[in-house]
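Inspection log for the structure reproduced underneath, given as structure tokens.
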Amino acid sequence: MIKPEKTTNPFSRSFIILTVAILFLAAAFAIWGVPYFFQPPPVEGISATYGTGTLRARVESIIEEGQVDLDGFSQNYQVMRVELLEGEYQGILMEVDYGLRQVRPDFTPFVPGDEIFITLGKRPDGVLSAFYVEFVRSRSLLILLGVFILAILLISGWKGLRAILAMAFSLLVIIGYIIPHILAGEDPVTISLIGSAILLGVSLYVTYGWNLKTHASVLSMIFVLFLTGMLA
């Protein structure tokens, strides 16, 4: 008599336990992790100051343009009226000069409607001044990103898509958790180790699937991170 082959029961005890554990961890992360990860505590005794970053602005008009001599180098310049598109002073108009104070061998004239990045400074008397930083490259970067994603999908297929998702999650952890919490004054070693364990673990499972090799890789990675933290 031929004995029937044993079939794997998808609802076995180990499968149910694993599912319950994953759901418990997901619920714990939703309740505790999300507020902690993406709302870093403020640093006591330090108030936020305006002008520490860059702001987008749109060129409204060209007030003046011509040529200027900078240390024997003659170049074109522009003085523009720009409208702030974000920040505390969104909507106000500022004057920004481009090429008037610094040598710019890559001078490219602007026209109304172009978007640029500026920084704001505040003098002791409270007067704001705007300084040109760079033009907005969002469109070019989006095109490059599209080409990059398309190339990965054509070369690697489904595994390439999973790798892209893993990379996106890694960037989310770095931008949404690691950098803000370090800037908020928390211990950088602890924050880096926690963030690395999360992003590497999730990235490995998303890219290579739920299997024994991935389990071994994740456990080894967590052990190495723990050892690194202890040594640090």
Side-chain angles (χ1 to χ4, degrees), residues 14 17-56 86-88 117-122 131 133-134 136-138 141-142 144-145 148-149 151-152 156 158-232:
S14 59
I17 294 175
L18 182 60
T19 302
V20 172
I22 293 175
L23 291 177
F24 175 79
L25 292 176
F29 178 78
I31 297 173
W32 171 82
V34 172
Y36 170 73
F37 273 55
F38 301 107
Q39 295 180 9
V43 181
E44 296 183 1
I46 299 179
S47 59
T49 57
Y50 189 80
T52 56
T54 57
L55 301 172
R56 285 192 308 115
E86 56 189 7
E88 180 183 356
F117 286 112
I118 65 170
T119 58
L120 285 182
K122 182 180 290 186
F131 303 93
V133 176
E134 187 59 271
V136 176
R137 305 173 183 266
S138 302
L141 293 176
L142 287 175
L144 290 176
L145 177 62
F148 172 73
I149 293 176
I152 290 180
S156 302
W158 174 243
K159 182 174 288 188
L161 177 61
R162 290 186 293 176
I164 292 173
L165 295 176
M167 181 179 63
F169 179 80
S170 300
L171 291 175
L172 177 64
V173 172
I174 293 172
I175 298 174
Y177 169 65
I178 295 178
I179 295 177
H181 281 262
I182 290 177
L183 293 178
E186 298 186 20
D187 180 45
V189 175
T190 303
I191 297 302
S192 299
L193 292 176
I194 294 175
S196 299
I198 293 173
L199 69 88
L200 289 175
V202 173
S203 298
L204 287 173
Y205 280 119
V206 171
T207 304
Y208 299 105
W210 189 268
N211 53 61
L212 186 60
K213 289 184 178 180
T214 309
H215 297 334
S217 300
V218 172
L219 291 176
S220 301
M221 178 266 300
I222 292 177
F223 174 75
V224 171
L225 288 175
F226 175 78
L227 181 61
T228 303
M230 295 297 294
L231 293 175

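For the single chain, residues carry numbers from 1 onward in sequence order. Just the heavy atoms: all of them, side chains too, but no hydrogens, waters or symmetry mates, feed the values below.
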Give me the atom names and distance for the closest heavy-atom approach of [X] to [Y].
X      : Y      : value
Ile182 : Ser192 : CD1-OG, 4.1 Å
Leu204 : Ser217 : CD1-CB, 4.1 Å
Leu55  : Leu120 : CD1-CD1, 3.9 Å

Report, as yes or no, whether the 6.0 Å neighbourhood of atom CZ on Phe169 holds more than 12 heavy atoms from other residues, nucleotides or ligands.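 Buried by this count: over 12 neighbours within 6.0 Å.
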
To the nearest 0.5 angstrom, please state how far the [atom1] atom of [X] sits from the [atom2] atom of [Y].
X      : Y      : atom1 : atom2 : answer
Ser170 : Leu200 : OG    : CG    : 7.0 Å
Phe223 : Leu219 : CZ    : CG    : 11.0 Å
Ile179 : Ile191 : CD1   : CD1   : 12.5 Å
Leu193 : Leu227 : CG    : CG    : 10.5 Å
Ile178 : Leu172 : CD1   : CG    : 10.5 Å
Ser196 : Ile222 : OG    : CD1   : 11.5 Å

I want to check something: taking the side chain as every heavy atom from C-beta on, are Tyr177 and Ile194 in contact at a cut-off of under 4.5 Å?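 Contact flag for Tyr177/Ile194 side chains = yes.
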
Under the 3.5 angstrom rule, does the side chain of Glu86 hit a backbone N or O of Arg56 as a donor-acceptor pair?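 At least one qualifying donor-acceptor pair exists.
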
